[in-house]
Number of protein chains: 2
Amino acid sequence: MEPEPDARIDHGAPLPPYRQLAGILLARIRRGDWQPNRAIPSEAQLVGEYGIARATVRRAIAVLVDQGALFVVPQRGTFVKPEGE
Amino acid sequence: MEPEPDARIDHGAPLPPYRQLAGILLARIRRGDWQPNRAIPSEAQLVGEYGIARATVRRAIAVLVDQGALFVVPQRGTFVKPEGE
DNA sequence: AGCCATTTGTTCGTATGTATA
DNA sequence: TTATACATACGAACAAATGGC
């Protein structure tokens with residue numbers, strides 16, 4: 001069973017939704033919701049959980065990939081990057 | 001022999017293709033192109049017949065499953081749901 | 001048993017158009 | 001005008017299960 005989201009996207013907030021989601025996901029990674037080398041929920045699942053568009057989810061993921069927190073394997077999923085790699 | 005499609009998808013129409021297809025398929029069901037508990041064409045066949053992407057076909061089917069007009073059996077096919085069930 | 005074609009399920013990649021702030 | 005977001009669509013690849021041979 002996947003842990004439940006602990007925060008929601010606020011479309012009225014100054015921070016755009018994609019940055020909000022990036023922050024939320026990073027917090028969940030650090031909290032250990034998903035272990036290193038394990039997949040986070042699929043883009044479609046995140047769309048459903050946070051009620052935002054897939055393009056927005058992808059953008060948030062791109063931020064975390066840039067930061068080295070996640071890596072994507074095409075047709076497989078998005079995974080938590082092990083530390084120091 | 002399968003009945004031939006009677007309508008085509010119009011990508012320029014205001015109604016999106018997946019809704020157009022849902023309407024077309026529903027009309028064909030009601031007309032009796034396929035009997036209750038019988039399979040409609042496979043996703044791949046509908047892709048070929050209507051010239052649209054599989055994801056679009058699946059979305060149209062999802063609409064009709066939601067409406068209770070069809071039911072899906074994984075690895076077997078998509079079937080016309082008998083009335084009053 | 002093994003092989004193979006069929007079929008639905010899932011996932012990311014990419015593109016377009018529209019709307020809004 | 002630009003940035004952001006949403007909706008929709010097509011593409012590609014693979015998984016898993018079924019059924020025939």
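Labels below follow one simple rule: chain letters A, B, ... track the order of the sequence lines, proteins then strands, and each chain is numbered from 1. Treat the numbers as computed from the prediction; the structure is a model and nothing was measured.
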ask   = Is there side-chain contact between B:Phe71 and B:Pro82, with heavy atoms separated by less than 4.5 Å?
value = yes

message = For chain A and DNA chain C, what are the first and last nucleotides along the strand, 5' to 3', with at least one atom under 4.0 angstrom from a heavy atom of the protein chain?
response = C:dT11 to C:dT14

query = Of all residues at least two apart in sequence or in a different chain, which pass the side-chain contact (heavy atoms from CB on, under 4.5 Å) check with B:Arg59?
reply = B:Tyr18

Partners passing side-chain contact (heavy atoms from CB on, under 4.5 Å) against B:Leu15 (at least two apart in sequence or in another chain) = B:Arg19, B:Gln20

side-chain contact (heavy atoms from CB on, under 4.5 Å) partners of A:Gln67, counting only residues at least two apart = A:Leu26, A:Val63, A:Leu64

query = Do the non-hydrogen side-chain atoms of B:Leu25 and B:Leu46 ever get within less than 4.5 Å of each other?
reply = yes

key: Touch class at under 4.0 angstrom, heavy-atom based, for A:Arg58 against every strand present   = base

query = Just wondering, do B:Pro36 and B:Glu83 contact through their side chains at under 4.5 Å, heavy atoms?
reply = no

task = Figure out the CG/C1' separation between B:Leu46 and D:dC10, and round it to whole Å.
result = 16 Å

Is there any protein nitrogen or oxygen under 3.5 Å from a nitrogen or oxygen in nucleotides 14-18 of chain D, and what are the pairs?
unit_1: D:dA16; atom_1: N3; unit_2: B:Gln75; atom_2: NE2; d: 3.2
unit_1: D:dA17; atom_1: O4'; unit_2: B:Gln75; atom_2: OE1; d: 3.4

message = If you apply the rule side-chain contact (heavy atoms from CB on, under 4.5 Å), what do you find for A:Val73 with A:Phe79, and how did you get there?
response = CA-CA 8 Å; A:Val73 181; A:Phe79 301 80; 3.7 Å; yes

side-chain contact (heavy atoms from CB on, under 4.5 Å) partners for A:Val80, two or more places apart = A:Ile29, A:Trp34, A:Ile40, A:Leu70

